[in-house]
Amino acid sequence: MDKKSITDIDPNGKKVFVRVDFNVPLSSKDPNDDIQVTDDTRIRAALPTLNYLLDHGAALILASHLGRPTSAEDKQFAMDPVAARLSELLGRPVIKVDEVVGEEAAEAAANLQPGDVLLLENTRFEPGEKKNDLELAEQMAAMADIYVDDAFGSAHRAHSSTEGAAQAMRAKGGPAVAGFLMAKELEALGTAVSNPPHPYVAIMGGAKISDKIKLIDNLLQKADKILIGGGMANTFLAAQGYDMGKSLVEEDALPEAKRLLEAAPGRLILPVDVAVADTFSADAVRTEKNVDAIESFEMALDIGPETLKRFTEELQGAKLVVWNGPMGVFEFEQFAKGTDALAFVLADLVEEGAMVVIGGGDSAAAVKKADLTDKMTHVSTGGGASLELLEGKELPGIAVLDDK
Ligand code: ADP
Ligand code: MG
């Protein structure tokens with residue numbers, strides 16, 4: 001995953017097509033309203049790449065998807081509110097066109113001078129985008145001299161604005177490289193996948209094991225130990241013969257759970273105690289007990305204090321920790337305790353020099369909720385993309401970029 005980045009190219013006097021992730025939340029779904037961007041985190045996150053290119057004499061052509069429009073008629077997903085916010089953040093005008101490709105877009109791109117910024121319309125307004133339509137990709141690449149991908153969260157999808165446009169840029173002899181955000185993701189996740197320091201402890205949680213069997217398989221090849229919490233621990237515990245009461249247990253995945261436990265004796269560490277409740281609700285009462293004492297009417301919604309202690313011990317001295325999946329139903333305050341406490345343990349490990357990488361959408365949300373995002377080595381911005389990468393898959397949007 002040694003890919004070239006924007007520091008390996010000379011953007012001076014060039015037009016640079018940047019695939020950004022401006023998929024931001026909006027204030028309204030009604031196209032007649034004055035729609036605003038309600039959280040500009042993703043726009044801000046792109047600024048280092050955009051400012052670097054502008055400071056080095058480039059003109060920018062920016063493209064992103066926004067929401068899930070079904071056609072170009074879904075005007076509530078137009079990029080205009082994004083253009084307005086971006087212009088404020090960059091402190092310079094942003095030219096917005098009402099199409100992704102076509103005469104208007106091509107002419108606006110042709111007229112760009114160094115320092116100018118053009119934002120194209122929502123890439124998903126083009127029906128060819130998700131089909132990785134070649135002609136669409138070629139029209140995108142035709143507007144620019146250099147292709148930059150800074151949208152890690154979309155890298156697991158081969159779309160025209162990701163894989164296709166990079167391919168088309170290469171075909172016309174131009175570079176296709178990573179922006180700073182993408183490069184940071186590749187460095188952190190790439191280390192975990194291809195060159196992990198040891199001891200390497202992985203932590204897995206979340207709802208289901210069936211979603212993550214491939215991930216666990218791959219982690220078992222690389223990590224020294226895997227600590228398992230959250231809903232998926234229930235299925236492992238059930239596979240060991242514990243009665244999990246009303247807990248979320250995936251009956252269909254029991255054979256896989258048994259296989260994994262047998263494949264890695266002593267390396268999959270399961271909870272010894274859990275926090276249970278008799279209803280699945282935010283105001284349910286938290287009761288902590290050993291895993292062999294769960295009543296038929298109870299469900300496990302978090303790890304217990306003994307488990308946290310055991311996990312903390314296993315983590316001491318780790319050089320690398322990869323965490324995916326919350327330890328419990330962190331959306332309910334009473335059952336966020338295990339997840340929060342673990343996040344604090346990991347923040348301490350970072351201070352002691354360990355590399356701690358968080359992958360997965362809900363895991364990132366849980367760390368953010370605990371206000372510890374800045375304390376981790378890296379919190380991936382790409383939910384699905386980070387998991388696929390950790391599974392050992394090659395992501396089309398990354399594979400296509402120029403090698404170092
Ligand atoms: P990520 O998005 O980080 O990959 P997942 O989507 O796999 O994580 O899992 C997150 C979800 O798992 C959360 O919504 C959380 O409520 C749920 N979850 C965690 N522990 C349990 C549990 N014991 N029972 C039911 N759901 C759980
Ligand atoms: Mg999730």
Side-chain angles (χ1 to χ4, degrees), residues 152-153 156 185 189 192 202-216 218-219 226-239 242-251 253 256-257 270-289 291 294 297-304 307-308 311 321-343 346 356-370 372-373 376 378-391 393:
F152 175 72
H156 57 317
E185 295 276 2
L189 295 164
I203 308 169
M204 295 283 304
K208 290 188 182 170
I209 131 166
S210 54
D211 296 342
K212 294 181 177 172
I213 287 170
K214 254 196 250 140
L215 180 54
I216 300 173
N218 199 52
L219 288 174
I226 305 185
L227 316 179
I228 306 224
M232 80 158 61
N234 299 337
T235 302
F236 280 107
L237 290 166
Y242 290 103
D243 184 350
M244 298 307 291
K246 279 199 299 173
S247 304
L248 171 74
V249 171
E250 285 177 279
E251 298 291 338
E256 280 291 350
L270 299 180
V272 290
D273 63 345
V274 286
V276 299
D278 52 15
T279 55
F280 188 85
S281 66
D283 52 13
V285 178
R286 177 185 174 104
T287 309
E288 290 164 356
K289 52 171 63 185
V291 290
I294 300 169
F297 55 87
E298 291 174 328
M299 59 188 95
L301 298 180
D302 195 8
I303 56 171
T307 303
L308 182 70
F311 284 6
V321 180
V322 171
W323 181 15
N324 167 256
M327 293 293 100
V329 183
F330 74 100
E331 295 92 337
F332 301 159
E333 213 47 58
Q334 280 299 313
F335 301 95
K337 285 186 183 172
T339 302
D340 284 352
L342 185 66
L346 296 183
V356 175
V357 178
I358 318 288
D362 291 291
S363 313
V367 171
K368 189 173 175 193
K369 197 165 150 263
L372 290 171
T373 303
M376 304 300 167
H378 182 68
V379 180
S380 179
T381 55
S386 61
L387 296 192
E388 288 195 22
L389 206 69
L390 290 170
E391 276 173 16
K393 279 196 198 150

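In listed order, ligands and their atoms are each counted from 1.
- Ligand 1 has no nitrogen or oxygen under 3.5 angstrom from a nitrogen or oxygen of Leu387.
- In terms of N/O distances under 3.5 Å, ligand 1 is approached by Gly231.
- Contact of the Thr339 side chain with the Trp323 side chain is registered, since non-hydrogen atoms from C-beta on lie closer than 4.5 Å.
- Proximity of Asp211 to ligand 1, defined as any heavy-atom pair under 4.0 Å, is not found for any part of the residue.
- Other residues, nucleotides and ligands contribute more than 12 heavy atoms inside 6.0 Å of the NZ atom of Lys289.
- Checked against the Mg ion (ligand 2), the N, O or S atom of Asp362 at the shortest distance is OD2.
- Looking from atom 13 (C) of ligand 1 to the surrounding protein, the closest heavy atom is Glu331 OE2, 3.3 Å.
- Atoms of ligand 1 found under 4.0 Å from any heavy atom of Ser363, numbered from 1 in the order shown, are 1 (P), 3 (O).
- Here's the thing with Asn324: one of its N/O atoms is less than 3.5 angstrom from an N/O atom of ligand 1.
- Those atoms of ligand 1 with a heavy atom of Gly361 less than 4.0 angstrom away are 1 (P), 2 (O), 3 (O).
- The main-chain N or O of Ala300 is found under 3.5 Å from a side-chain atom of Ser247 such that the two form a donor-acceptor pair.
- Residue-to-ligand polar distances keep Lys208 apart from ligand 1: every N/O pair is separated by 3.5 Å or more.
- The protein heavy-atom contact nearest to atom 1 (P) of ligand 1 is Asp362 N, 3.6 Å.
- Contact annotation: for Ala300 versus ligand 1, heavy atoms closer than 4.0 Å belong to the backbone alone.
- Scanning the protein for heavy atoms near atom 11 (C) of ligand 1, the closest one is Ala207 N, 4.0 Å.
- Put simply, the side chain of Asp243 never gets that close to the backbone of Ile294: no donor and acceptor are under 3.5 Å apart.
- With hydrogens and angles disregarded, a donor-acceptor distance shorter than 3.5 Å links the side chain of Asn324 to the backbone of Gly359.
- With a 4.5 Å cut-off on side-chain heavy atoms, Phe152 and Leu389 count as touching.
- The closest heavy-atom contact to atom 18 (N) of ligand 1, among the options Gly230, Pro271, Gly328, comes from Gly328.
- Of the possible donor and acceptor atoms, one in the side chain of Arg286 sits under 3.5 Å from a partner among the backbone N and O of Gln334.
- Of the polar atoms of Met327, none of the N or O atoms is found under 3.5 Å from an N or O of ligand 1, judged by distance alone.
- A donor-acceptor contact under 3.5 angstrom links the side chains of Glu185 and Thr381, judged on distance only.
- Within the 4.0 Å heavy-atom shell around ligand 1 one finds Leu301.
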Steps toward salt bridge (charged side-chain N to carboxylate O under 4.0 Å, His left out) verdict (Asp302, Lys337): CA-CA 8 Å; Asp302 195 8; Lys337 285 186 183 172; over 6 Å; no
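- The residue from Met299, Lys212, Met244, Met204 that puts a heavy atom closest to atom 8 (O) of ligand 1 is Lys212.
- Scanning the protein for heavy atoms near atom 27 (C) of ligand 1, the closest one is Val329 CG2, 3.6 Å.
- With hydrogens and angles ignored, the 3.5 Å screen pairs a side-chain donor or acceptor of Lys246 with a backbone N or O of Asp278.
- Judged purely by atom type and a 3.5 angstrom limit, Lys369 uses its side chain to pair as donor or acceptor with the backbone of Phe330.
- Within the 4.0 Å heavy-atom shell around ligand 1 one does not find Gly383.
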